Student: 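Following this message is one structure expressed as C-alpha cells.
Both ligands and their constituent atoms are indexed starting at 1 by order of listing. Because the structure is a prediction, the values reported are computed rather than measured.
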Amino acid sequence: MTIRNLDDLLAEGVSGRRVLVRADLNVPLDKQTGAITDDGRIRAVLPTLTALTGAGAKVVVFSHLGRPKGAPDPQFSLRPVAARLGELLGAQVRFAEDTVGESARSTVDALADGEVALLENLRFNKGETSKDEAERGAFADQLAALGEAYVDDAFGAVHRKHASVFDVPARLPHVAGRLVLREVEVLAKLTGEPERPYVVVLGGSKVSDKLAVIEALLPKVDRLLIGGGMCFTFLKAQGHEVGTSLLEEEMVETCRNLLERADGKILLPVDVVAADAFAPDAAHDTVRSDAIPSHRLGLDIGPETVAGFAAALADAKTIFWNGPMGVFEMAAFANGTRGVAEAITKADAFSVVGGGDSAAAVRALGLDESSFGHISTGGGASLEYLEGKTLPGIAALED
Ligand code: 3PG
Ligand code: MG
C-alpha cells in the first residue's frame with residue numbers, strides 16, 4: 001500500500017489547478033464571545049497551504065466545525081476561522097457562505113492562482129456525515145466537482161467515514177498533506193518498536209472512551225499512568241469510595257478486570273484534590289485517594305501523585321499523553337496537568353501529546369510546545385490509530 005503525498009502532487013505541477021484541501025479547522029470557540037480560543041489546528045495546516053499557494057494552485061479549503069445537525073447553524077460558522085486563517089497566511093482568504101452551492105461555485109471561480117478560499121462548514125450539509133452511502137456519495141460528487149485534485153490534511157478527522165474524508169478522495173487524484181504525513185509517521189513510531197521504557201499517560205473524563213486504547217496499549221507499554229475524571233472509576237474498582245466524583249458505575253467491573261490483568265503496570269492517583277463543587281472558587285483540599293469525603297468530588301490529581309507520576313516518567317524513552325489530569329481550565333485544579341506535562345518535557349524521551357484537549361492544555365498553561373516531540377492535532381484519531389483500527393481517511397488515500 002502506498003500513499004502519495006504533497007510533494008508528488010507538487011511535482012506534477014499545480015499552477016492554475018483547483019486543489020481541494022480537507023483541513024480540520026474544528027477549533028475551540030469561547031462560549032460567550034465566539035472567539036477562537038486556540039488556533040493550533042489552523043496553524044498546523046499552514047505548511048500545506050503555503051506549499052500549494054507558492055506553487056500557484058487555486059486552493060479550496062473545507063472543514064467541519066463543531067457538530068451542527070446537517071443544516072446551517074450560525075454558531076458553527078467558519079467565517080471567524082477564515083479571518084484568522086487570512087491573518088496567519090498574510091493574505092486574503094475568500095469565504096464562501098455555503099459548501100457546494102452558488103456561493104461556493106462563484107468563490108472558487110473567482111480564485112486567482114495562489115489564492116485561498118474557505119468554504120462554509122461541511123456539516124451544514126446532511127450528506128457529509130450520512131451513514132447512507134448514496135446520500136454521502138451525492139454530496140461527495142458536488143464537493144469533488146469544485147476541484148481537480150484532493151489533499152487530506154485533516155488528521156483530526158481521519159477516523160470519520162464522512163464524505164469529505166472518505167468519498168471525495170475516491171473521486172479525485174488524492175494525496176496526504178504535510179500534517180497528515182507527519183502525524184502518521186509519528187504514530188507509526190509508537191505502534192512499531194518504541195524505545196523503552198514506553199510510558200503512556202491517560203486522562204480525560206470517560207473510561208468508556210479510552211477502554212479500547214487501554215486494552216490495545218497494555219501489552220505494549222511499560223507503565224500506564226491514569227489521571228483525570230476517568231481515574232475515579234478505577235479507584236472505585238480498587239474498592240475506594242469516590243464521593244461525588246465522576247463515576248461510570250457500569251465500567252467498574254471492567255476496570256477491576258483491567259487492573260487484575262495489568263501486572264502492576266497501571267498507576268493510579270494516591271491523592272486527589274477534592275472540592276465542594278465543580279466551580280473555580282469551590283472550597284477544596286488534598287485528600288488521600290482512599291479517603292475522599294462523601295460530599296466532595298475530585299477535580300485534580302494531588303501533589304504526591306504528580307511526584308509519583310513524574311518519577312515514573314523520568315527514565316522513559318517514549319511517552320504518549322492523552323487527556324488532562326484535572327480541570328485545568330480552573331487554576332485551582334490545573335497543577336496536576338501542569339506537573340505531569342512538565343515531567344514529560346523533562347524526560348529524555350520522544351514524547352507525543354495526543355490531540356484535542358491535551359494540546360490545548362499545553363498552550364493554555366503556557367508550556368513550551370517545542371519541548372514536546374510532537375503535538376498531535378487529533379484526539380480521537382490518534383487514539384483510534386493506536387488502537388490499531390483502520391482509519392477511513394487514511395485508507396481512502398491508499399492506492
Ligand atoms: C475533533 O475535534 O475531535 C475532530 O475535529 C473530529 O470532530 P468530531 O469528533 O466532531 O468528528
Ligand atoms: Mg472529538
Side-chain angles (χ1 to χ4, degrees), residues 21-31 36-45 48 61-73 75-78 80-82 84-85 99 118-131 136 139-140 143 151-168 177 179-180 182-184 187 202-206 208-210 212-213 228 320-324 329 352-364 374-387 389-396:
V21 179
R22 176 47 160 113
D24 182 351
L25 305 178
N26 183 24
V27 290
L29 301 176
D30 185 283
K31 283 191 185 67
I36 296 165
T37 54
D38 180 61
D39 64 4
R41 280 181 164 169
I42 308 178
R43 287 187 282 120
V45 78
T48 289
V61 184
F62 48 74
S63 175
H64 70 286
L65 176 73
R67 292 183 176 170
K69 302 268 169 280
D73 181 345
Q75 62 171 316
F76 296 116
S77 174
L78 278 165
V81 173
R84 183 74 189 119
L85 178 59
T99 324
L118 175 63
L119 309 181
E120 185 54 287
N121 197 334
L122 287 156
R123 293 185 184 172
F124 286 1
N125 306 273
K126 266 174 63 189
E128 168 66 358
T129 60
S130 179
K131 298 238 187 312
R136 236 179 36 236
F139 181 57
L143 280 172
V151 179
D152 187 0
D153 221 19
F155 181 73
V158 291
H159 59 315
R160 300 293 182 218
K161 193 175 179 180
H162 293 167
S164 64
V165 176
F166 184 72
D167 305 276
V168 177
L179 176 64
V180 162
R182 165 91 180 125
E183 296 261 21
V184 170
L187 292 171
L202 289 180
S205 47
K206 286 189 176 164
S208 45
D209 286 350
K210 302 280 160 74
V213 80
F320 176 75
W321 169 36
N322 178 292
E329 298 90 339
V352 179
V353 181
D357 290 347
S358 342
V362 164
R363 292 185 281 262
H374 178 72
I375 300 185
S376 175
T377 55
S382 57
L383 290 177
E384 290 198 17
Y385 188 100
L386 294 183
E387 281 164 32
K389 282 197 188 153
T390 299
L391 304 176
I394 303 293

Student: Hey, does the side chain of D152 reach the backbone of A154 with a donor-acceptor pair shorter than 3.5 angstrom?
Tutor: yes

Student: Only heavy atoms of R160, strictly under 4.0 Å: list the atoms of ligand 1 that pass.
Tutor: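 Per the distance check, 8 (P), 9 (O), 11 (O).
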
Student: Which atoms from ligand 1 have a heavy atom of N26 less than 4.0 Å away?
Tutor: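 Ligand 1 atoms under the 4.0 Å threshold to N26: 1 (C), 2 (O), 4 (C), 5 (O), 7 (O).
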
Student: Quick check: does any side chain N or O of N26 sit under 3.5 Å from a backbone N or O of H64, one acting as donor and the other as acceptor?
Tutor: no

Student: Are the charged groups of E128 and R22 less than 4.0 angstrom apart, N to O?
Tutor: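 Result for this pair is yes, salt bridge flagged.
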
Student: Would you mind finding which of H64, H162, R67 brings a heavy atom closest to atom 10 (O) of ligand 1?
Tutor: R67

Student: Counting each atom of ligand 1 from 1 as listed, which ones have a heavy atom of D24 under 4.0 Å away?
Tutor: 4 (C), 5 (O)

Student: For the side chain of K126 and the backbone of A71, is there at least one donor-acceptor N/O pair under 3.5 Å apart?
Tutor: no

Student: Give a yes or no answer on whether the side chain of S376 reaches the backbone of V353 with a donor-acceptor pair at less than 3.5 Å.
Tutor: no

Student: Going by the atom numbers of ligand 1, which of them fall below 4.0 Å from some non-hydrogen atom of G156?
Tutor: 4 (C), 6 (C)

